[in-house]
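All of these numbers come straight from a predicted model, not from anything done at the bench. Residue numbers begin at 1 in each chain, while the letters A, B, ... track the order of the sequences.
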Amino acid sequence: MSETLNRLRDMARPDRVFDFMVPDVSPVDVRHGPILYMEDVTVSFDGFRAIDRLNLTIDDGELRCIIGPNGAGKTTMMDIITGKTRPDSGQVWFGSRHNLLRLAEPEVASLGIGRKFQKPTVFEALTVFENLELAMAGDRRVWTTFMARLDHEGRARLDEVLETIGLEAERDRWAGVLSHGQKQWLEIGMLLMQRPRLLLIDEPVAGMTEQEMHRTADLLNRLAGQQSVVVVEHDMGFVRSIARHVTVLHQGSVLAEGSMDAVAADPRVREVYLGAEEERHA
Amino acid sequence: MSRRAIRDLWRAGVVLVLVMLALPGVVHAGDQISDEQARTLLEGLDASGFEAKGEAVERIASSQATQRERWLQALLEGRLARERRGEHFYIITDDAGREWPIIDAITLEDAGTGSRRTINTITINNTLRTRIEGALAAMSLTAGDVSARLAAARALLGTLDEASAPGVEDTLADEEDPAVREQLETALALYRVQQGDVAALETLRGHLDTRVRNALVPLAEGDGELAGEARRVLAGIERKREWHQRVQTLFFGLSAGSILVLAAIGLAITFGVMGVINMAHGELIMLGAYSAWWLQQLLPGQPGLALLLAIPFGFLVAAAFGIAIERSVIRFLKGRPLETLLATFGVSLILQQLVRTVFSPLNRAVAAPEWLRGSWQVTEALSISYSRLAVLIFCLVVFAALWAVMRFTRLGLEVRAVTQNRDMARAMGVRAARVDMLTFGLGAGVAGLAGVALSQITNVGPNLGQNYIVDSFLVVVFGGVGNLWGTLVAGMTLGVLNQVLQPWVGAVLAKIVVLVGVILFIQKRPQGLFPPRGRVS
Amino acid sequence: MSQVRTVSSGTGSVRRSMGHLSDRTTTFTCAVLMMAAVLVVGLNLLPSDHALHVGDATVSLLGKYCCYMLLALAVDLIWGYLGILSLGHGAFFALGGYAMGLYLNAQGANVDGWQAWLGHFPLAMLAVVLAPGLLALVFGWLAFRSRVTGVYFSIITQAMTFALMLAFNRNEMGVGGSTGLTRFRELLGMPLNSHAMTVALFVASLMAVLLAFVVCRMITTSRLGRVCIATRDAEARTRFLGYRVEHVKLAVFVVSAVMAGIAGALYVPQVGIINPGSFAPLFSIEVVVWVALGGRATLFGALIGALVVNWLKTVLTTEMPDAWLFILGGLFVVVTMALPQGIAGLAASLRRNRGGSAHE
């Protein structure tokens, strides 16, 4: 009886009328290695090529740092992965099954790609607890959201994440009154609530104190292994403290890739950075 | 047949009488005719039948009498009269009241007064009226300056008959002015067509006068070569009329659009460029309109001067109010658009009530100066009123000026700098607060200009602004925020669209359709017609 | 770290008491509304020469205020909690009103065509809900799907109500043209001007306010309510969390429109007329100032705001009609500049100050 009812309900759903409209939510297939695969991606704004034939592969469980001077296309790259910007050409695959270029932002998010913005954006009028609760994986439809009550399992998961990001004591404070570093951690925590496969983190330590930076490095190192993490960062010291594998972007494409030491020794990278350095001093 | 015979006979009689009348005239007084002859001519008008009166009219028309035009004119207006018991004919100079001042019809000297008891006016009927008009037209055809001849020739169209056509042909032979010739040829061609001349239709091809069309419609019915050809010519005329109608609609649309643009262009600055939601914009327009009205009260009898002065004055008044609003309200609400919207709406209510209290809640009419009245008759089917034309030109001038200010002046540069990157501009030494104030003043001043222009189109009242605020915002949003050209194109497009729709669905529904259309368009393209370019982040 | 912990434990207790308070808010508001109903009806029953007697006119006026309060709740729900400023909520109010007006019309006179269908009470009530609901559904679907937000949304809602005003002014619509619908006689077989009807309509309006308050409260305290607040403050972020922001907006917008429609339907039999003036942009924007004055994003603030402004309006438009627009305009300016949290915010900050001093 309830089986039939469910089927009827399924048929009544507008997005279930046609097969091709059924969103592809099958699990991410990483048997063939990379969790994220970008090939020949190009995007331009008004003739300016922000991303120029970019190729990038991220392995499952990897912690990858992406560095590059201003305007190298780091943020645009993240926009493309999360579906905010559509590239002019190229391919972006999540695992070997999901073509990210066909999906809208919420769909990308529900596939398990979480993004942390450069500027911390948490919901300031809600508490830390409520922020995490909203981020919790689950049915996002309006009615179910309205009827949603936090169950035991969810509460446990919330406490677990609170502990990971070290904000147990702040659980009932308004997010608006948190310090800058705490907001960054809260935001990472919100991403974790979604049980992401891939975390995109944009400049996590900008504006942090030394102490906060250490804690952040700790946090990111702990996360790697459970999920793939891509960190975009300016701060070389911080990158050195967490990175095993570094990619250098320059003018929209990959300039160098390898371990931190190898990359730092690369003359082209030195030129790009030193050049940028000189300009900054000029 | 018999009618033609009678006419021939009649013509022969006329010639005979003319010769008889002319001979003594020549003998006695050269070109002049004697009073006695004049009296004889007038007595012919006092005949009992209208046909006889008509003959008398023809006689007068072809006579040498110097007073003939005045007689016929008076007859036409029912002011030619005969003494009840006597020989005298009079022209009533003023037929108001019971006692009418009269002059002698022959000597044209003052003859005291007359009344219904002492004099009898000579009556006419419609057939006679047409005949008198034709005669008068024919008279002015040969005499008078070009414009009088042209008017006379124009009046001839469709009135020609066997009697008058030969005369017109003679006149045409002597006429040198091309415009008059064309009119005469048209009139003759129409006459010939009515007589069954197919070839003459060629002259009428593409003629826009309604009289030509009306005359052709009955001819086009039925079979035969003439009817077929007439149908073809008629279809051509209809097509041409349609085109002229379209041009007319386009013009009306552009003129309506220019009003929209004028109303919205100030908003394109304050909302589009600065991002300030000023709901009191409509009231700034209203203040501009009131300045025009107020100046006209100060300068009675000189509406033209008042209007010209109102242009700078309206600008200054609205700009002053605008700056006051910016200083006292808007600058404290920077970056809070919804709050700005509410606060400025409050300001708009206050301004409305202020005007109601200071002036009156009633609508005021602003008089149009001489040079804005009337219209320019481009062709028979296309006329353009001067006031609408003036608003259109004014709108384009204001737009060009504003565009130049934003493009070429220091203020324009600073405005663009401040809107693009406020902190950077300040770091470069731009006084952002001052720029805000001046820009807002500029936008408000332009709203005032719009008000001055609107005072020529509609009545001035406290609610004037409210009627334009919704439209103005839609125009700016439709055009693309921050884009002056977008506002121009959007305003004109909406104006034309509205005019095109009007004949089908009526004025109100056309407006609704346009409103709904714009709403739907904004859903489709939230950035408007000309979206701001660049990296959207 | 230890410093952080001590501060947070303090606010933790504040938070818990806030949670407790928010429940109290619901019960308190409901109790006040109930008491108001009992009080007014009770005082109305007193003999008319009694000093405390509340006349039918006053009862009717209070009923009207209730409709305004309901409308204010509807606006507050989407503006306060979702950040959507609708300048066209008067349109939903008026549509509900017209549905009711057509029903009342079909009671008295002989009408034919589609209007006769509205003579059946259940169908009319369906129309009261469906007319504004469907308009909101279509309009909201179009607007939210293409991410029309902020001021743009406000402007097109204003254009919407303006277009509807023009449309309802047309005689061809068959709903009375510019005079609107009036001369109603009876509702459910009872004459409209009877004493019992006046009281019944007042009570019905008050109960509608109470019910709407509870519904709004349920929405705003649920997880959906928190999604609304999240959308209001950081829409892009909410979208990245995987919420279909446009669906949330659409759902709440429709609920709000239906509430406004019910308010309109209750309003019409009490004032005896509905005309295109209700579609006027001015009315819609006036509602926003009620909410702003009362306190945006607090439901009881919306109630207070509607009550205060309309009471002021009643008093002032009779005492000094010229001053009313000055005062209303002034309210807009003063509230947005000096009282961004409205009366409710003022009260809360006073309470906080007192509470804080008592603690220390």
Q: Locate the shortest heavy-atom distance separating B/Pro337 from C/Val151; write the atom from each residue and the value.
A: CB-CG2, 3.4 Å
Q) Which bit of B/Thr340 is near chain C, if near means a heavy-atom gap under 4.5 Å: side chain, backbone, both or neither? A) neither
Q: Evaluate the side-chain proximity of C/Thr336 to B/Arg336: yes if any heavy-atom separation is below 4.5 Å, no if none is.
A: no
Q: Measure distances from B/Leu351 to the heavy atoms of chain C and classify the residue's part below 4.5 Å as side chain, backbone, both or neither.
A: neither
Q: Below 4.5 Å from any heavy atom of chain B, which atoms of C/Met160 appear? Answer side chain, backbone, both or neither.
A: both
Q: State the CZ-CE distance between C/Phe332 and B/Met279, to the nearest 0.5 angstrom.
A: 9.0 Å
Q) At a heavy-atom separation under 4.5 Å, does C/Trp324 approach chain B through its side chain, its backbone, both, or neither? A) neither
Q: State, with a plain yes or no, whether a side-chain heavy atom of C/Phe326 is found less than 4.5 Å away from one of B/Gln352.
A: no
Q) Is any side-chain heavy atom of C/Leu282 closer than 4.5 Å to a side-chain heavy atom of B/Leu349? A) yes
Q | Residue among C/Ala163, C/Pro281, C/Gly83, C/Gly330 with most heavy-atom pairs under 4.5 Å to chain B | A | C/Ala163
(Q) Which residue in the set C/Leu328, C/Asp322, C/Ile327 passes side chain to side chain contact (heavy atoms under 4.5 Å, CB included) when paired with B/Gln353? (A) C/Asp322
Q) Roughly how far, to the nearest 0.5 Å, is CD of C/Gln158 from CZ of B/Phe345? A) 7.5 Å
Q. Hey, are the side chains of C/Leu87 and B/Leu341 touching, using non-hydrogen atoms and a 4.5 Å cut-off?
A. yes
Q | Point-to-point distance, once rounded to the nearest 0.5 Å, from OG of C/Ser154 to CZ of B/Phe473 | A | 10.0 Å
Q: Please state whether the side chain, the backbone, both or neither of B/Leu520 comes within less than 4.5 Å of a heavy atom of chain C.
A: side chain
Q.
Report which part of C/Val289 has an atom under 4.5 Å of a heavy atom belonging to chain B: side chain, backbone, both, or neither.
A. neither
Q: Taking the side chain as every heavy atom from C-beta outward, state whether C/Leu325 and B/Ile350 have any atom pair closer than 4.5 Å.
A: no
Q | chain C contact via B/Leu342 - which portion, at a heavy-atom distance below 4.5 Å | A | both
Q.
So which atom in B/Val505 and which in C/Arg170 form the shortest heavy-atom distance, rounded to 0.1 Å?
A. O-NH1, 4.3 Å
Q: Could you tell me whether the side chain of C/Trp79 reaches within less than 4.5 Å of the side chain of B/Leu338, counting heavy atoms only?
A: yes
Q: Side chain from CB out, backbone as N, CA, C, O: work out which of these in C/Tyr152 comes under 4.5 Å of a heavy atom of chain B, or both, or neither.
A: side chain
Q. Is the number of heavy atoms from other residues, nucleotides or ligands under 6.0 Å of B/Phe321 CZ greater than 12?
A. no
Q.
Is the shortest side-chain heavy-atom distance between C/Leu166 and B/Leu515 below 4.5 Å?
A. yes
Q | C/Leu142 side, atom CG; B/Ile519 side, atom CD1 - distance, nearest 0.5 Å | A | 10.0 Å
